[in-house]
Amino acid sequence: MKKNIIVGFAAILLLSACKNDKKVLDALADYNNSMEQKGYHFGEKLILPNEVTDEAESISISFGDKETSSLTIDPAFFTLGDNPVTFNIKTKGGETLTQDATINVFAKNPEEKMSYKVVAEYPHDPKNFVQGFQVEGNTVYESDGQNGSSQILKYTLGTTTPLASTKQPQEDFSEGSTIVGDKVYQLTWQSKKGYIYDKNTLKLLSEFAYPNVLGEGWGLTYDGKNLIASDGSKLLYFLDPSNPSKLVKHIAVAGSAQAYDQLNELEYHNGFIYANVWQQPVILKINPQTGEVVGTFDFTDIAKQNTKGSDDVLNGIAFKGDNMLVTGKNWPKIYEVAIK
């Protein structure tokens with residue numbers, strides 16, 4: 001009889017502990033769900049519910065192979081945008097509980113809605129599936145995609161006749177490009193390599209492999225020191241132009257209420273990175289030190305005039321003085337806009 005009483009008491013304790021564990025995990029899940037859209041800012045602290053902290057002997061957050069017991073949004077662990085994490089809770093009853101979650105970190109200041117005025121229009125060859133786009137003087141350098149028709153070319157703004165061009169192999173889908181001194185660098189989408197050309201003749205000089213962290217090639221620009229590449233994620237990768245296979249650093253991109261990914265064609269101008277968002281009529285103005293989106297351009301009206309299908313979208317940013325040039329994939333026009 002005594003043995004049965006002890007077993008019954010143990011079962012009650014186990015049942016009680018299970019209920020407490022479920023209560024902790026449910027409270028943590030409710031909290032994380034409520035904060036996922038609201039997000040956090042760097043320096044803020046996670047204020048976990050009492051149902052969690054009262055039962056916890058210790059709490060930590062792990063990020064892959066990193067772990068911290070601080071519940072502060074520290075840039076040493078978190079990036080802007082979405083952060084997949086795991087909460088690890090050691091309860092006072094000796095149990096270890098884990099729960100996966102997403103912690104979103106946003107910029108502190110709202111993005112400025114940038115205004116502009118169209119001041120000129122130029123012809124653009126509608127056969128060109130624009131992936132990379134830049135202007136030097138009055139010469140446009142353009143990288144065009146699609147397997148079998150990928151190329152790098154240059155032409156005088158106001159015309160569509162190439163001054164020089166080089167085709168890529170059938171298997172390559174060309175992507176972003178940028179000018180560095182007397183060379184033009186060009187990415188490919190999924191070939192895991194880029195090309196370097198002589199700027200004057202567009203003769204192929206060499207090729208380079210991507211650093212392993214760069215999954216695909218999307219956009220490319222140059223800030224005077226480093227190449228900056230995008231791969232369709234929320235990240236921008238800074239590469240050494242003397243050895244583009246070497247990663248210098250990366251930053252994540254987010255605004256004050258949302259993370260931005262699908263970052264495509266890039267342009268660096270006067271201390272900021274400008275980025276197209278794939279299949280959106282939007283250009284972002286990004287602080288390259290922090291990844292914060294400080295401004296957005298809405299080109300819906302221009303895009304409506306030129307977008308007939310799913311792929312002929314806004315994609316192409318360059319600067320002519322302080323004015324921005326924009327175009328798109330298979331668009332018949334390039335637009336020069338004055339930023340107000």
Side-chain angles (χ1 to χ4, degrees), residues 106-107 109-135 138-146 155-160 175-178 218-221 230 232 234 236 253-287 292-340:
F106 299 132
N109 300 313
E111 301 93 310
E112 179 183 358
K113 303 299 183 183
M114 310 293 292
S115 59
Y116 60 88
K117 177 183 179 181
V118 176
V119 295
E121 297 179 5
Y122 307 95
H124 179 259
D125 191 336
K127 296 191 299 294
N128 293 352
F129 195 76
V130 181
Q131 300 290 99
F133 187 71
Q134 51 273 308
V135 172
N138 206 37
T139 302
V140 178
Y141 293 79
E142 185 173 302
S143 173
D144 298 321
Q146 302 288 30
Y155 54 89
T156 302
L157 183 64
T159 77
T160 59
E175 285 281 349
S177 59
T178 194
W218 284 45
L220 188 68
T221 190
S230 62
K234 69 173 183 176
L236 295 175
V253 175
S256 60
Q258 70 177 102
Y260 290 96
D261 58 6
Q262 301 286 290
L263 304 175
N264 204 4
E265 212 270 325
L266 306 174
E267 184 73 13
Y268 183 86
H269 179 70
N270 284 353
F272 292 94
I273 301 168
Y274 294 79
N276 283 114
V277 179
W278 169 237
Q279 292 201 327
Q280 293 188 36
V282 173
I283 290 177
L284 310 178
K285 182 180 180 181
I286 303 165
N287 182 330
E292 294 187 7
V293 178
V294 299
T296 60
F297 294 84
D298 184 346
F299 286 102
T300 298
D301 291 342
I302 289 177
K304 281 181 179 177
Q305 299 173 39
N306 297 276
T307 301
K308 311 302 179 186
S310 60
D311 289 335
D312 52 347
V313 294
L314 177 75
N315 196 69
I317 312 166
F319 277 87
K320 183 174 179 281
D322 288 328
N323 288 350
M324 183 189 291
L325 297 178
V326 297
T327 190
K329 301 176 183 298
N330 302 127
W331 284 18
K333 291 182 180 180
I334 297 168
Y335 296 85
E336 180 177 349
V337 302
I339 299 170
K340 295 180 180 179

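Since the model is a prediction, treat every value here as computed from it, not as a measurement. Both backbone and side-chain heavy atoms feed into the values below; hydrogens, waters and symmetry mates do not.
Between T296 and M114 there is no side-chain heavy-atom pair separated by less than 4.5 Å. Between V135 and F319, every side-chain heavy-atom pair lies at or beyond the 4.5 Å cut-off.
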I'd like to know whether S256 forms a side-chain hydrogen bond (donor to acceptor under 3.5 Å, both in side chains) with E111, so could you lay out the CA-CA distance, the side-chain angles of the two residues, the decisive distance to 0.1 Å, and finally the verdict. CA-CA 7 Å; S256 60; E111 301 93 310; 2.9 Å; yes
Please test L157 against T139 for side chain to side chain contact (heavy atoms under 4.5 Å, CB included), starting from the C-alpha separation and ending with a verdict. CA-CA 6 Å; L157 183 64; T139 302; over 6 Å; no
Evaluate I339 against N323 for side chain to side chain contact (heavy atoms under 4.5 Å, CB included), listing each step before the verdict. CA-CA 6 Å; I339 299 170; N323 288 350; over 6 Å; no
Start with the C-alpha gap between Y122 and Y335, add the side-chain angles, then the distance that decides, and say whether ring pair (Phe, Tyr, Trp, His ring centres under 6.0 Å) holds. CA-CA 6 Å; Y122 307 95; Y335 296 85; 9.5 Å; no
Could you walk me through whether I286 and Y260 pass the side chain to side chain contact (heavy atoms under 4.5 Å, CB included) test, one step at a time? CA-CA 11 Å; I286 303 165; Y260 290 96; over 6 Å; no
Using the rule given for side chain to side chain contact (heavy atoms under 4.5 Å, CB included), can you reason through K333 versus T327, listing the C-alpha separation, both sets of side-chain angles and the distance that settles it, and then say yes or no? CA-CA 7 Å; K333 291 182 180 180; T327 190; over 6 Å; no
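The minimum heavy-atom distance linking P332 with N306 is given by the pair CD-OD1, 3.4 Å. Between D312 and N330, the closest heavy-atom pair is CB-CB, 4.4 Å. Minimum interatomic distance between V118 and I302 (heavy atoms only, all atoms of both residues): CG2-CD1, 3.8 Å. Closest approach of N315 and V130 over heavy atoms only: ND2-O, 2.9 Å. Contact record, L263 with L284: CD2-CD1, 3.7 Å, taken as the closest heavy-atom pair. The two residues K308 and Q305 come nearest to each other via the heavy atoms NZ-O, 3.5 Å.
From W218, atom CH2 reaches atom CG of N264 across 5.5 Å, with rounding to the nearest 0.5 Å. Here the CG-CZ distance, from L325 to F133, works out to 5.5 Å after rounding to the nearest 0.5 Å. Atom CD of residue Q258 and atom NZ of residue K234 lie 13.0 Å apart, to the nearest 0.5 angstrom. For the atom pair D298 CG and K113 NZ, the distance stands at 8.0 Å (nearest 0.5 Å). How far CG of L314 is from CZ of F299: 7.0 Å, rounded to the nearest 0.5 Å. Put simply, OH on Y116 and CD1 on I283 are 8.5 Å apart, with the number rounded to the nearest 0.5 Å.
Under a 3.5 Å cut-off, the side chain of T159 and the backbone N or O of T156 do form a donor-acceptor pair. A distance-only check finds no donor-acceptor pair linking the side chain of E336 to the backbone of K320 [under 3.5 Å]. One N or O on the side chain of S230 and one on the backbone of G219 form a donor-acceptor pair closer than 3.5 Å. H124 places no side-chain N or O within 3.5 Å of a backbone atom of I334 that could act as its donor or acceptor partner.
Among residues at least two apart or in separate chains, there is no side-chain hydrogen bond (donor to acceptor under 3.5 Å, both in side chains) pair with a member in residues 267-287.
Side-chain contact annotation: N109 with E292, donor-acceptor N/O pair under 3.5 Å absent. One side chain, S177 or Q134, offers a donor N or O that lies under 3.5 Å from an acceptor on the other.
Every residue two or more places apart in sequence or in another chain that forms a side-chain contact (heavy atoms from CB on, under 4.5 Å) with K127 is listed here: D125.
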